[in-house]
Amino acid sequence: MGEFKMPPGQKPSARLYPISVFGKPKEIDIDKYSVKITGLVKEEKIIPLKEILKLLKESVQFDIHCVDGWSYLGAVFSGIYPRTLFEEVSVLPEGKFVMVKNLDGYSTDLPLDFLLSDNSFLAYEIDGKPLDIANGYPLRLVVNGKYAYKDAKWVVEFEVIDEDIPGYWEKKGYSRKADVYENDRFEKK
Ligand SMILES: Nc1nc2c(c(=O)[nH]1)N[C@H]1C(S)=C(S)[C@@H](COP(=O)(O)O)O[C@H]1N2
Ligand SMILES: [Mo]
């Protein structure tokens, strides 16, 4: 459950502010939408959204912290844990990170063990209602304790990689670790 602890330098926000550097997808074809697991795996896997929606629905309460300084506390997200999708995938021993790729071309990476932990969640609902497209429908990653540039919206691929390769915002200088309670916003030079 969420900690309801305001991290340093953050102010509470009454709502989520839709943020997307490449704009939001206009339409999403639910019938064709799928998630791929690629890269350092024995066999790549394509999982249709329809199969994901049939998996046991779970819920988490994670706070959202944008690195710009607003935090949206207490939302309940429903969906599945990403680790469920990895259950039938054999990750090769050199697989240590995952580049999360999205419909709009945005990307962010996370340590594999973090993505497979209780602190990563793949949501399709917020507070019991389907997410808006602007907030990542049909699949949005929500991470507990990291800034929301790690919350990949419109997830379509998990690419297992062997090193910490920066994604969109990490390339521009934001912290790779992104720990909100450490106030870890910028990558130290
Ligand atoms: N695909 C994609 N996901 C993204 C982004 C983006 O630009 N594209 N922006 C990130 C940032 S910086 C934030 S703060 C959150 C904002 O989530 P919201 O739009 O639901 O408020 O989305 C994150 N996920
Ligand atoms: Mo953000």
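By convention here, the first residue in the shown sequence is residue 1. All of these numbers come straight from a predicted model, not from anything done at the bench.
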Test side-chain contact (heavy atoms from CB on, under 4.5 Å) applied to [X] - qualifying residues, sequence neighbours left out:
X	value
Leu55	Ile80, Thr84, Leu85
Lys50	Asp31
Ile46	Ser34, Lys36

Taking C-beta and beyond as the side chain, do Glu27 and Ile133 meet within less than 4.5 Å on heavy atoms?
no
Does some side-chain heavy atom of Leu115 sit less than 4.5 Å from a side-chain heavy atom of Phe86?
yes
Could you go through Trp154 and Val156, starting from their C-alpha distance and side-chain angles, then the distance that decides it, and tell me whether this counts as side chain to side chain contact (heavy atoms under 4.5 Å, CB included)?
CA-CA 6 Å; Trp154 320 294; Val156 290; 5.7 Å; no
Can you list everything that forms a salt bridge (charged side-chain N to carboxylate O under 4.0 Å, His left out) with [X]? Sequence neighbours excluded, please.
X	answer
Lys45	Glu88
Glu87	none
Glu51	Lys54

Using the salt bridge (charged side-chain N to carboxylate O under 4.0 Å, His left out) rule, collect all pairs that involve residues 13-25, keeping only residues at least two apart or in two chains.
none
Considering non-hydrogen atoms only, spot the tightest contact between [X] and [Y] and give its length.
X	Y	result
Ile64	Phe77	CD1-CZ, 3.8 Å
Tyr147	Asp184	CE1-O, 3.3 Å
Val180	Pro8	O-CD, 3.6 Å
Val100	Ala152	CG1-CB, 3.6 Å
Val155	Val35	O-CG2, 3.9 Å
Gln10	Cys66	NE2-O, 3.1 Å

Within the distance-only criterion (no hydrogens, no angle test), does the side chain of [X] pair as donor or acceptor with the backbone N or O of [Y] below 3.5 angstrom?
X	Y	result
Asn135	Pro18	no
Lys150	Arg176	yes
Glu187	Gly173	no
Lys42	Val89	no

Derivation of the side chain to side chain contact (heavy atoms under 4.5 Å, CB included) call for Leu16 and Asp132:
CA-CA 11 Å; Leu16 285 171; Asp132 284 339; over 6 Å; no
Set out, in order, the CA-CA distance, both residues' side-chain angles and the distance that settles side chain to side chain contact (heavy atoms under 4.5 Å, CB included) for Ser71 and His65, then state yes or no.
CA-CA 4 Å; Ser71 292; His65 307 286; 2.7 Å; yes
Using residues 120-129 as the side-chain source, report each donor-acceptor pair under 3.5 Å to any protein atom, sequence neighbours left out, with the distance given to one decimal.
| residue | atom | partner | partner atom | Å |
| --- | --- | --- | --- | --- |
| Ser120 | OG | Phe114 | O | 2.9 |
| Glu125 | OE1 | Lys57 | NZ | 3.3 |
| Glu125 | OE2 | Lys57 | NZ | 3.1 |
| Asp127 | OD1 | Val76 | N | 2.9 |

Sequence neighbours excluded, every pair satisfying side chain to side chain donor-acceptor pair (under 3.5 Å) that has a member inside residues 95-109
Lys101-Glu159, Thr108-Glu170
Step by step, would you call Leu141 with Leu110 a side chain to side chain contact (heavy atoms under 4.5 Å, CB included)?
CA-CA 11 Å; Leu141 202 67; Leu110 287 164; 3.6 Å; yes
Return the OH to CZ distance between Tyr72 and Phe62, rounded to the nearest 0.5 Å.
15.5 Å
Nearest-0.5 Å distance, CG of residue Leu112 to CG of residue Leu40
10.0 Å
ring-ring contact (aromatic ring centres under 6.0 Å, His included) filter on Tyr149, not counting sequence neighbours, yields Tyr174
Could you tell me whether Lys188 atom NZ has more than 12 heavy atoms of other residues or ligands within 6.0 Å of it?
yes
Around Glu94, counting heavy atoms of other residues, nucleotides and ligands shown, do more than 12 lie under 6.0 Å from its CD?
yes
Under the 4.5 Å side-chain heavy-atom rule for ILVMFWY, direct or indirect, which residues accompany Ile161?
Phe97, Met99, Ile165
Can you list every pair that meets ring-ring contact (aromatic ring centres under 6.0 Å, His included) and has a residue in residues 5-50, with sequence neighbours left out?
Tyr17-Trp70, Phe22-Tyr168
